[in-house]
Every structure is written in structure tokens, then in C-alpha cells.
Amino acid sequence: MIINTFYGNFFTQKVSECYKIVTILVQTRGEPSSLELSRVQPEITSVASNEELGVEESEEQETEDSRDNACIVSEEVTEPVEVTTNENKDSDDIEFTVTLAEGEGSELVEQNNDYDPTLDLEHYKYPSYNLLKDFGEIKSVDAAEQQENKERITQTLRNYGITIKKIEATVGPTITLYEIVPDDGIRISKIRNLGDDIALSLAAIGIRIIAPIPGRGTVGIEVPNKNPQIVPMRSLIASEKFQNTTYDLPIAIGKTITNEVFMLDLCKLPHLLVAGATGQGKSVGLNAIITSLLYKKHPSQLKIVLIDPKKTEFTLYSTIEKHFLAKLEDSEDAVISDVTKVTQTLQSVCKEMDTRFDLLKKAHVRNIKEYNAKFTSRQLNPENGHRYLPYMVVIIDEFADLIMTAGKEVEMPIARIAQLARAAGIHAIIATQRPAANIITGNIKANFPGRMAFRVASQIDSRTILDAPGANQLIGRGDLLFLQGSDLVRVQCAFIDTPEIEQICSYIGEQQGYPQPFALPEVEMSTGDTDMKGIDMTKRDPMFEEVARMVVLSQSGSTSMIQRKFSIGFNRAGRIMDQLEAAGIVGGADGSKSRQVLVQDEIQLERLLETL
């Protein structure tokens, strides 16, 4: 293998330090292949003129000097190298010819100058799908069951004067779709109104009629299988579609009626709303989403914020907190469950979002993908505050509980994230078992185009989630409807059990991680007295002191009691109670209970009144 370097001009004047860029052309003997090494910068401590270079020195000494100056990468070379030097005494140019012995160590690796964030944990290994349980071959619906259902559907329609041209069956894991083509002149509305009659003839629950199927020219009747099959998470992870996906944040949810893997790109959703009654598969669906992300993303590329008011659903993921989880610096638990911490965490995510938008503005890009492409190609200087931005996914398991306890303090940050955070690479997934209009408000629904509805109790709840009926006709146990835009797809959610999650988290947690979990920025939280700051205590109610003495003597205080004792209206009694709270005489409201009296006796009260 011969390596020729271009001629370098050596100046006669001595300099203390200089750098020389050498472009090396590698030519191989035998099979044609080439590698190019660029930007090799040898450090030369002393450069002299031709006379001082020792032209008359022996070839052996020149060989050693030229090897030092050439700075050829020698770590990959296991065989000795031979170096010769040709000099022209009449000029200042010197040609170096380096001969490397051929062998296993003589291969030179092309240097990649792009920044690679995965090198922070370069020995990280992705989980194998062998960690997931294999449930064996999935059995399909037998031909006898299909034929029986076809005959019953045809007979039921004929009883109501509806004749059909043909009927075809598409078998899924839990549902079989029967597509019928009605005769000419048959009104679709007549078929649509026969759902209960068809369910009665088939002795089945969860009959759903799609009239018509968009783009197919047929009417669909979904009938549950007598023996529904489990969709293992392993079958999704090991599928070719998931392994070869080019999605930025791929999530595999389950399989459709046609037994195709149903996958989505969370970056394009960009936020997901999950709802359904208790025990219908919401938590399993969230675990399937998290598992999909763990199988596809490196810890440097993804951070997850887990919020679990129930305190039990996401505890398994605490073992990977130094790899994938993000939390506040002063938080002990990686999975946030305390309501005050939840509010602070969401506001911290909003602050991180604003910081990212400032970085995108400085870099003159529109989204995180373009920003990271610029950063990895070293077009952005870290000294100016630029850094690699991982994707961030905020997952809330029980949203209704947070709304009941914190209200607007939780809703407003989530609305901001849903409205703005897509370009900054921050995505939200919220789940609730109470799909009521006061929980899933207009602000939430407007900014969550992706909806995943498990079985619910009523058609009203289905309309709240999907803006359409259908979720109340599902059969449960992972059966769901997914809405994106105007497309409504029925999917059987993948099943992943707790031992499988434990194995995946243990496999990741045993590997080298970051020293600390990803730290969210600090935010200044209000003390909770914001409502009291607007009260002017110099304009107290004339009955303020009298009411205060009554409250201290009885050691009980409520607005209704002030109304009864002093025969005043509710509004005035409420204002007096607010003044008592602002003065520190009573505590804050605690639902329907009486206020806690903070002043113990009249002497303490008189001292307090003197300071007002």
C-alpha cells in the first residue's frame, strides 16, 4: 500500500510553531478500493532551512524525521512501515513516500467529522426482541364460523327487505370485517339502522356498522370473533415494518383488522389523547408506546417525562432514569406523582420549550430536525449556547385526577405545550378514564389531533373523545378506535405484561448511563397566595373585627356561618372570609370543610389587629 503526500514548502525562516494540512491518497494493490484522509494537521515544533534540515544526513535519519512529520495514523498499523525520502537540493520542496506493510492492521478508517451524540454512551446496546414473550402462532377464525356469520347476516338483511350482491370476510385478531355490496336502489341508512338486529341474530356484542367504508364502495359490518386472539408486543417489534421504519419517533400500537402492524410517527401526530373506561387497556397501551420508543431511540436522542398521579403505573421505569427519564433537579423520584411537583414540572417543560425556540431562532431554522442537522454538521457553535436537542415526550397517565386537584395550573401548561411544542421536539400523551367535557376541554381537544379511544360506557363519552359514536360499541380488552384527522381505524392494541417491562428496563438499567437524569430547568413557583395579593387590607369591611372575634371564639369559620350569624348576603360574607384569610386569621379553603383557624385566642387576635 503506497501513500503519497503532496509537496510542502519549507521556509528558511525559523518559526516556533506551524501546522501543515496533508491530503493523503491511498492506492491499494489488488482489489480496487480507496480511502481518503483529510485534515491531518501535524504539529512541527521546529522548521529550518535546507542547510539546517541536515540534507547530508543519512537516509535512516531522514526516514525517522519524515515519519514524525507525516503524522500518519499509526494506531491501526500492526506491521512495521518503510519510509523513504526524496529531496531536491535546488528547491525547497521535499517529497515523502511511505510504504505500509499489508496486513490486518494496515486498514485506515475514514474519519467522520460530524458530531455524533450517541458517542456519549457509545457502548449502549438496544434491547433485543427476545426479551419479549412469544405467545406462539396466532390462530385465525375457522371457515365454519365465517360461513355461519355470513348466512346469518344475509338472512337478517333479507328479513328487512335488503338484498345484497356479495359478501366478503376479512379476519382480524379479535374482529372479523364482513363487507357487503347491496343491490341497486337499497338505501344505506336502512342498513345502518339494523345494528341491534344483526347483533341479536349473531348473539354477539360490539357489532359496529360502517356505512359506507370510505373509498371501498361497500358497507362494513364488524363482528367480534368467538375466540379473540392476543396481539403480542413481540410480533410488532420483530416485524419488518417496525425494524425498517424511518419514522423519527415510531410507536407501534397494535394490529388492524387486516392483521397489518399499525404504526405512527409521534412527530407527525404530534400529540395523543388516550381515553377509555377503567380496565379497558389504557395503561397497557401506554406501556406499548413507551416500549416502542425504547426499542428505537438512543438515550441521547430521547427523554421521557413520566407523570403518574396513581403512583403505581410507571414505577417500573425508575430503573432507567439515568438513561431516558427527565425530571427536576431537586426531585427525588424519577416518576412524578406529587401534584405540586407535577405543576412545577409542566411549567419547567414550558420553560425548556421557550429556551429551545430561542435556539431555533438563533440558528435560523424552523424545527428541531433542521436544528440538530445543523448542529451535528458543526455549523452551530456550542460556545454560543447551542447544544444537541433530544426529543422529549411528556406522558400523563391519569389526567382527570390532576384537573380535579390542580385545575387551571395543570391545564394551561399542557395547552401551551400542545399548541407550540411540536417544532421544539416536545410531544404530549395524556390518558384519562373520565372522558367528560369538563376534563377534556376545548383547548385540549383542539390541539390533540391524535385520539385513541378504548371502550367507554356511553355514546356521549365516545363523542367527547372522537366527536363520533363507536367507542361505546367496542368489546374491551385492548379493542380501540384510533382517530387521526377524519380517518377512524379499529385496532387491537398490543399486549405487554409486567415481567416483560421489567426485563427491558433491567437490560437497559444495567448498562452505563449518564451520571444524572436529564435535568429540567428550574422555575419560580408562586407561594399560593396570588389570590390574596389583590386584597387591600386598608379597606376592610366594617364588620371585619366583629366577625374575626366570633371566628376565634368558636374556633370555626365558614362563609355560610358568617351569613347566618350576621344576616348578610353570600357575596359580602365571601369578601370578609377572603380578608380574614389575607390577614392570617383563617387558613385556605379545603373543599366543603370549615376553615382552619390560625389564631388561638383573643389576645393574639388583638395583637394581630393592631398590626393591620
Side-chain angles (χ1 to χ4, degrees), residues 153 156-157 160 162 172 174-180 187-214 218-225 228 253-254 256-257 262 271-285 398-401 403-404 430-493:
I153 292 173
T156 303
L157 295 176
Y160 290 92
I162 299 174
T174 58
I175 299 295
T176 299
L177 174 64
Y178 295 92
E179 296 184 61
I180 62 175
R187 297 177 64 88
I188 299 299
S189 58
K190 292 181 65 177
I191 303 176
R192 188 185 297 118
N193 295 330
L194 293 177
D196 294 337
D197 299 288
I198 296 175
L200 178 63
S201 65
L202 296 177
I205 61 171
I207 298 292
R208 180 169 167 265
I209 297 179
I210 311 169
I213 298 178
T218 59
V219 176
I221 302 176
E222 294 176 346
V223 180
N225 299 331
I253 297 178
T256 62
I257 291 179
F262 186 74
H271 310 291
L272 180 61
L273 172 63
V274 183
T278 303
Q280 302 303 318
K282 294 188 308 300
S283 297
V284 175
E398 187 45 66
F399 183 64
D401 183 70
I403 291 295
M404 292 175 62
I430 63 175
T432 179
Q433 64 182 4
R434 186 185 167 197
N438 61 337
I439 301 298
I440 306 176
T441 60
N443 283 335
I444 299 297
K445 289 178 64 175
N447 296 287
F448 279 77
R451 318 269 180 85
M452 197 161 73
F454 292 85
R455 185 182 181 183
V456 295
S458 65
Q459 190 178 114
I460 297 176
D461 292 341
S462 177
R463 292 187 181 275
T464 303
I465 307 167
L466 303 173
D467 295 325
N472 56 310
Q473 298 172 321
L474 300 176
I475 63 173
R477 297 189 64 183
D479 189 18
L480 66 93
L481 289 174
F482 189 90
L483 175 68
Q484 184 178 11
S486 59
D487 298 331
L488 195 61
V489 183
R490 191 164 185 174
V491 181
Q492 177 61 37
C493 183

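Numbers for residues simply follow the sequence, beginning at 1. Atom set for the values below is all heavy atoms of this structure, side chains included, hydrogens, waters and symmetry mates excluded.
- Between the Thr256 side chain and the Phe262 main chain, no donor and acceptor come within less than 3.5 Å of each other.
- To the nearest 0.5 Å, the span separating CZ on Arg451 from OG1 on Thr464 amounts to 10.0 Å.
- With contacts defined as side-chain heavy-atom distances shorter than 4.5 Å, the pair Thr432/Glu398 qualifies.
- Residues Thr176 and Pro224 have side chains not in contact (no heavy-atom distance under 4.5 Å, counting atoms from C-beta outward).
- Below 30°, between 30° and 60°, or above 60°: for His271 and Phe448 the angle between ring planes is between 30° and 60°, a tilted geometry.
- Between Ile207 and Gly195, the shortest heavy-atom contact is CG2-O, 4.0 Å.
- Crowding of Ile188 atom CD1: a count of heavy atoms from other residues, nucleotides or ligands under 6.0 Å exceeding 12.
- Other residues, nucleotides and ligands place more than 12 heavy atoms under 6.0 Å from the CZ atom of Arg192.
- Minimum interatomic distance between Ile180 and Ile221 (heavy atoms only, all atoms of both residues): CD1-CD1, 4.2 Å.
- Taking the side chain as every heavy atom from C-beta outward, Leu481 and Leu483 never approach each other to under 4.5 Å.
- Atom CG of Asp196 sits in a sparse spot, with 12 or fewer heavy atoms from other residues, nucleotides or ligands closer than 6.0 Å.
- In this view, Arg463 satisfies the salt bridge (charged side-chain N to carboxylate O under 4.0 Å, His left out) rule with no residue, not counting sequence neighbours.
- Minimum interatomic distance between Val456 and Ser462 (heavy atoms only, all atoms of both residues): CG2-N, 3.8 Å.
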Take Ile210 and Leu488 through the side-chain contact (heavy atoms from CB on, under 4.5 Å) test and state the conclusion after the steps.
-> CA-CA 10 Å; Ile210 311 169; Leu488 195 61; over 6 Å; no
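- Ion pairing of Asp479 with Arg490 is present here, as a side-chain N (NZ or NE/NH1/NH2) and a carboxylate O approach within less than 4.0 Å.
- Taking 4.5 Å as the limit, every side-chain heavy atom of Asp461 sits out of range of all side-chain heavy atoms of Asn472.
- Residues Pro435 and Ala275 approach most closely at CB-CB, 4.2 Å, considering heavy atoms.
- The only member of Leu474, Val223, Ile475 that meets side-chain contact (heavy atoms from CB on, under 4.5 Å) when paired with Ile175 is Ile475.
- Between Leu272 and Phe482, some side-chain heavy-atom pair lies under the 4.5 Å cut-off.
- Here the straight-line distance linking atom OG of Ser486 with atom CG of Asp467 works out to 12.0 Å at 0.5 Å rounding.
- The shortest side-chain heavy-atom distance between Tyr160 and Ile191 does not fall under the 4.5 Å cut-off.
- For the pair Gln473 (side chain) and Gln459 (backbone), a donor-acceptor distance under 3.5 Å is absent.
- The distance from the CD1 atom of Ile440 to the CD1 atom of Ile403 is 10.0 Å, given to the nearest 0.5 Å.
- Side-chain contact between Leu480 and Ile253 is present, with at least one heavy-atom pair separated by less than 4.5 Å.
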Worked check of side-chain contact (heavy atoms from CB on, under 4.5 Å) between Leu194 and Ile162 = CA-CA 11 Å; Leu194 293 177; Ile162 299 174; 3.5 Å; yes
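- With Thr174 as the partner, the side chain to side chain donor-acceptor pair (under 3.5 Å) test is satisfied by one option alone out of Glu222, Arg477, Gln492: Gln492.
- When all heavy atoms of Ala471 and Leu466 are compared, the closest pair comes out as CB-CD1, 4.1 Å.
- Between atom OG1 of residue Thr156 and atom CG of residue Leu200 there is a gap of 8.0 Å, rounded to the nearest 0.5 Å.
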